[in-house]
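Worksheet for the structure shown next.
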2 protein chains.
Amino acid sequence: MALHAETVARRAPLNRERVLQTAVDLADAGGIEDLSMRRLAQELGVVPMALYKHVANKEELLDGMVEIVVREIDAPDPDSDWKTAVRQRILSARRALLRHPWGRRVLESRNAPTPTVLAYMDSMIGMLRSGGLSIDLTHHVMHAIGSRMFGFSQELFTENGSAAADVTLPAATLAQIAAIYPNIAEVVARASHDEASVVGSGCDDQFEFEFSLDLLLDGFERLHLQRWSSTQPS
Amino acid sequence: MALHAETVARRAPLNRERVLQTAVDLADAGGIEDLSMRRLAQELGVVPMALYKHVANKEELLDGMVEIVVREIDAPDPDSDWKTAVRQRILSARRALLRHPWGRRVLESRNAPTPTVLAYMDSMIGMLRSGGLSIDLTHHVMHAIGSRMFGFSQELFTENGSAAADVTLPAATLAQIAAIYPNIAEVVARASHDEASVVGSGCDDQFEFEFSLDLLLDGFERLHLQRWSSTQPS
DNA sequence: CTTGACAGGTGTACACCGTACACCCTACGG
DNA sequence: CCGTAGGGTGTACGGTGTACACCTGTCAAG
């Protein structure tokens, strides 16, 4: 008994939840590429194959990690109108994905939605429907928001893109770049001039996200108010 | 001499272009996960390490493949107004990515844009600018179109998602799903009812793509006409 | 004509990955 | 007391990208 208690104290007996949570922590800390079954096992003080008693394979592990992220998205506010409710929800999703930057890539790598993801989508559809949007419009709206629903805009070359660019480039070659890509240079110059406060990528990602989100939401609202239908487009 | 000619005839002497093109063909045929350095070498009738004489590493190989795809995007039509020119260009990009389905994932996995990609972006900015859009608006527009500029909407769970769903599910369990996700079921039912012609995923992807693209373009145009500026938002 | 450099293909080897399979130990219900 | 089963272990296999040393054929300069 005493020995048993000691063993337990030395290492908690490992369950699915702990495996998934540790995987999330590991990915948060070192990026998704640092997460391997071997590395995760090591972190849990266990041999790699032990994980397979709690998770079928790595795919299922990743599914479980996605579930954790999606569960962090706030529930919708029932008192708001559909537009602000959807807006707040998506911004909450964005916050969740900012906490877990690997989430975007992992979620996109899944090829079938998990129940939690389906539930989230269902709830999102429900918000639009109870806002009065037709089934038809709701359908196309869901396509249009697309992955924005999960809080990610594109941000194609964020991590090492423009961020690393203006760090590594000694501003001499920046003139060369301007010669080759004059239009990009023009926009970059203006952006960094306007928003001197922003240091990172030179762009206020939050602003950009809300800009295009609101553009879409306004578009949805306009279509809704004019009783748009896909069968007789404007 | 004769021996030399024979050797050449037996196997063309392998250059960067041939390596990249074969990689593209391989990915087109079997998906990106079938593309390994070893597999590619085998396809070229050569030992794996031979590839490294033409390509620094796999990352650079993937960069080169992206270049090929991006180069397939049509040049803009100088006679159209900015909106239809941008529209046509993006639809051309979409066609290119439909030809190379792996392109989306690979492009997203890059962490720095290649010169060809930069040139494409520069050209896109140029189209907006010569359409009269302000630098400010152009900047935010570029963020808003985001990855749609490269022809991909989200399509999160395309391949095995809804497509596999309505194939594998024997319509008995579909009722169960409806019980759990009533809103999804409602939309799916309506969509498959309306567009019975579409067999694949149950959704007309091309329509959805153009729907949200036009929603954005219309939004851009509206902001442009009302001389929108980020410093004094509406 | 010889020689030496160099571009390009080869072979071996390493470290890592996911995971199949057989094993073993410990706790617990009959 | 014993059988069973759940959970941790060890070994092994086939795959990956790629570092490094090697060889070989071609061509320019001496």
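Below, chains carry the letters A, B, ... as their sequence lines are ordered, and counting in each starts from 1.
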* **Nearest-nucleotide comparison on DNA chain C, the residue closer to the 5′ end among A/R39 and A/A56** => A/R39

* Proximity to the side chain of B/R38 - top-ranked nucleotide from D/dT9, D/dT18, C/dC17 -> D/dT18

* To do: Rounded to the nearest angstrom, tell me the gap between atom CE in A/M37 and atom C1' in D/dT16.
  => 17 Å

* Kindly point out which of D/dT18, C/dG9, D/dT16 is positioned nearest to the side chain of B/P48? => D/dT18

* Protein-nucleotide distance (B/N15, atom CG; C/dG8, atom P), rounded to Å -> 9 Å

* Structure fact -> Regarding the side chain of B/M49, the nearest nucleotide among D/dA19, C/dG9, C/dG18 is D/dA19

* Atom CG of B/L61 and atom C1' of D/dT16: how far apart are they, to the nearest Å? -> 14 Å

* Is there a donor-acceptor contact under 3.5 Å linking the side chains of B/R89 and B/S123? -> yes

* **Spacing of A/Y52 atom OH relative to C/dT19 atom P, expressed in whole Å** => 4 Å

* **Residue B/K53, side-chain atoms from C-beta onward, closest of C/dG18, D/dT18, C/dG9** => C/dG9

* Answer yes if the side chains of A/E210 and A/Q206 hold a donor-acceptor pair under 3.5 Å, and no otherwise. => yes

* Asked: Between A/R16 and A/E60, is there a side-chain N and carboxylate O pair less than 4.0 Å apart?
  -> yes

* Structure fact -> Whole-Å distance, B/L40 CG to D/dG15 C1', equals 16 Å

* Asked: Over how many whole Å does the gap from B/I32 atom CD1 to D/dG17 atom P extend?
  -> 11 Å

* **Nearest listed nucleotide, side chain of B/K58, among C/dC17, C/dG9, D/dT18** => D/dT18

* Asked: Atom CD of B/E33 to atom C1' of C/dC17: distance rounded to whole Å?
  -> 17 Å

* Ring-ring centroid check B/H140 A/F207, cutoff 6.0 Å -> yes

* Asked: For A/H54 and D/dG6, is the shortest distance between a side-chain N/O and OP1 or OP2 below 4.0 Å?
  -> no

* Asked: In terms of side-chain heavy atoms of A/S36, which of C/dG18, C/dT10, D/dT18 is nearest?
  -> C/dG18

* To do: Check the distance between C/dT10's P and B/L44's CG and give it to me in whole angstrom.
  => 11 Å

* To do: Evaluate the criterion ring-ring contact (aromatic ring centres under 6.0 Å, His included) for residue pair A/F152 and A/F209; output intermediate values, then yes/no.
  => CA-CA 8 Å; A/F152 41 91; A/F209 185 85; 9.3 Å; no

* Taking the side chain of A/N57 as heavy atoms from C-beta outward, which of D/dG17, C/dT10, C/dT19 is closest to it? -> C/dT19

